[in-house]
A.B. asks: 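Could you have a look at this structure, given as structure tokens, before my questions?
All heavy atoms count here, side chains included; hydrogens, waters and symmetry mates do not.
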Amino acid sequence: MQNPDLSITDLDEHAQSTALTDFVHFYIAHYRKNDLEILSQYKVDYVMNDVNQYLYANQSFSPEQLAAGVLQYKHSSFIEILKTIGLSFTDNGALKDNTWEGWYTQQYAKVQQGI
């Protein structure tokens, strides 16, 4: 039997924590490079603004401190972003059939091709 597609809200607490942690590290890396355009094509600008304000206000934090803080204080914002993007996860919280960087590269290629 094949594993069903799981959304972020279908995951148990541990798997959801794994999924959020992976996404937060991806998000922060792209935030620091001012490279979040692909995410802004989804209707999550209002949520991203909230997250980005936190990241900007705490930019002096180390990457690990920043990730821990944003996971604690903006947890629901990241859930909302992941629900809106709508990608599938495995039951352990990993992206199904991709990585965040792989997904981002695919989305970027589609924009370049005008798809």
Side-chain angles (χ1 to χ4, degrees):
M1 183 169 132
Q2 202 172 35
N3 288 337
D5 288 347
L6 300 172
S7 72
I8 188 67
T9 56
D10 294 330
L11 300 175
D12 65 30
E13 186 177 333
H14 179 71
Q16 193 176 85
S17 177
T18 298
L20 287 170
T21 300
D22 290 348
F23 182 70
V24 162
H25 287 284
F26 161 82
Y27 188 98
I28 290 172
H30 283 271
Y31 170 83
R32 288 191 162 174
K33 293 187 284 185
N34 196 25
D35 186 27
L36 291 171
E37 291 82 11
I38 296 299
L39 290 176
S40 67
Q41 74 182 347
Y42 296 89
K43 303 289 185 210
V44 292
D45 287 355
Y46 65 99
V47 182
M48 288 176 60
N49 287 337
D50 183 44
V51 169
N52 293 350
Q53 284 179 337
Y54 178 88
L55 295 174
Y56 179 77
N58 296 291
Q59 61 188 330
S60 63
F61 286 7
S62 73
E64 288 307 314
Q65 289 172 316
L66 198 56
V70 81
L71 278 168
Q72 179 179 356
Y73 297 112
K74 301 299 177 187
H75 180 270
S76 61
S77 296
F78 283 108
I79 294 288
E80 189 63 32
I81 293 169
L82 291 174
K83 282 176 22 182
T84 302
I85 293 171
L87 294 177
S88 297
F89 294 87
T90 63
D91 58 0
N92 67 359
L95 270 184
K96 188 173 183 179
D97 303 323
N98 215 339
T99 64
W100 281 110
E101 288 301 330
W103 172 81
Y104 195 85
T105 301
Q106 288 172 348
Q107 297 301 307
Y108 191 78
K110 287 179 186 178
V111 170
Q112 285 185 321
Q113 296 170 4
I115 297 175

A.B. asks: Would you call the rings of Phe78 and Tyr27 parallel, tilted or perpendicular, where under 30° means parallel and over 60° means perpendicular?
C.D. replies: perpendicular
A.B. asks: With side-chain contact (heavy atoms from CB on, under 4.5 Å) as the test, would you mind laying out the steps for Leu82 and Leu20 before giving the verdict?
C.D. replies: CA-CA 9 Å; Leu82 291 174; Leu20 287 170; 3.7 Å; yes
A.B. asks: Run the side-chain contact (heavy atoms from CB on, under 4.5 Å) check on Asn58 and Gln53 step by step: do they pass?
C.D. replies: CA-CA 9 Å; Asn58 296 291; Gln53 284 179 337; over 6 Å; no
A.B. asks: Please check if the number of heavy atoms outside Lys43 that lie under 6.0 Å from its NZ is greater than 12.
C.D. replies: no
A.B. asks: Just verifying a value: how many Å separate His25 NE2 and Leu71 CG, rounded to the nearest 0.5 Å?
C.D. replies: 7.0 Å
A.B. asks: Does Leu55 form a side-chain contact (heavy atoms from CB on, under 4.5 Å) with Gln59? I'd like the steps, not just the answer.
C.D. replies: CA-CA 6 Å; Leu55 295 174; Gln59 61 188 330; over 6 Å; no
A.B. asks: Measure the spacing between CG of Asn52 and NZ of Lys74 and express it to the nearest 0.5 Å.
C.D. replies: 10.5 Å
A.B. asks: Applying ring-ring contact (aromatic ring centres under 6.0 Å, His included) between Phe23 and each of Phe89, Tyr31, Trp103, Trp100, report the one that passes.
C.D. replies: Trp100
A.B. asks: Is there a donor-acceptor pair under 3.5 Å between the side chain of Thr18 and the backbone N or O of His14?
C.D. replies: yes
A.B. asks: Please report the closest heavy-atom contact between Asp50 and Ser77, naming both atoms and the distance.
C.D. replies: OD2-OG, 3.3 Å
A.B. asks: Can you find a heavy atom in the side chain of Leu66 that is under 4.5 Å from one in the side chain of Pro63?
C.D. replies: no
A.B. asks: Can a side-chain donor-acceptor contact be found between Asp35 and Tyr108 if the only test is distance below 3.5 angstrom?
C.D. replies: no
A.B. asks: Is Asp12 reaching over with its side chain to a backbone N or O of Ala15, donor-acceptor style, under 3.5 angstrom?
C.D. replies: yes
A.B. asks: Distance check, rounded to the nearest 0.5 Å: Ile81 atom CD1 versus Leu39 atom CG?
C.D. replies: 7.0 Å
A.B. asks: Between Val70 and Val51, is the side-chain contact (heavy atoms from CB on, under 4.5 Å) condition met? List the steps.
C.D. replies: CA-CA 7 Å; Val70 81; Val51 169; 4.1 Å; yes
A.B. asks: Keeping the roles fixed (side chain from Gln107, backbone from Tyr104), state whether a donor-acceptor pair exists under 3.5 Å.
C.D. replies: no
A.B. asks: Any donor-acceptor pair under 3.5 Å linking the side chain of Ser17 with the backbone of Glu13?
C.D. replies: no
A.B. asks: Are Lys96 and Leu87 packed together at the side-chain level, in the sense that at least one heavy-atom pair is separated by less than 4.5 angstrom?
C.D. replies: no
A.B. asks: Does Asn49 CG have over 12 foreign heavy atoms under 6.0 Å away?
C.D. replies: yes
A.B. asks: In Å and rounded to the nearest 0.5 Å, what is the CD to OG1 distance from Glu80 to Thr9?
C.D. replies: 10.5 Å
A.B. asks: Would the distance check show the side chain of Gln16 and the main-chain N or O of Ile8 forming a donor-acceptor pair, the cut-off being under 3.5 Å?
C.D. replies: yes
A.B. asks: Looking at Tyr42, I want to see if its OH is surrounded by more than 12 non-hydrogen atoms of other residues, nucleotides or ligands under 6.0 Å.
C.D. replies: yes
A.B. asks: Under 3.5 Å, is there a donor-acceptor pair linking the side chains of Ser40 and Asp45?
C.D. replies: no
A.B. asks: Can you confirm whether Gln106 sits close enough to Asn98 that some side-chain heavy atom of one is under 4.5 Å from a side-chain heavy atom of the other?
C.D. replies: yes
A.B. asks: Kindly give the heavy-atom pair with the smallest separation between Gly93 and Leu11, and that separation in Å.
C.D. replies: CA-CD1, 4.1 Å
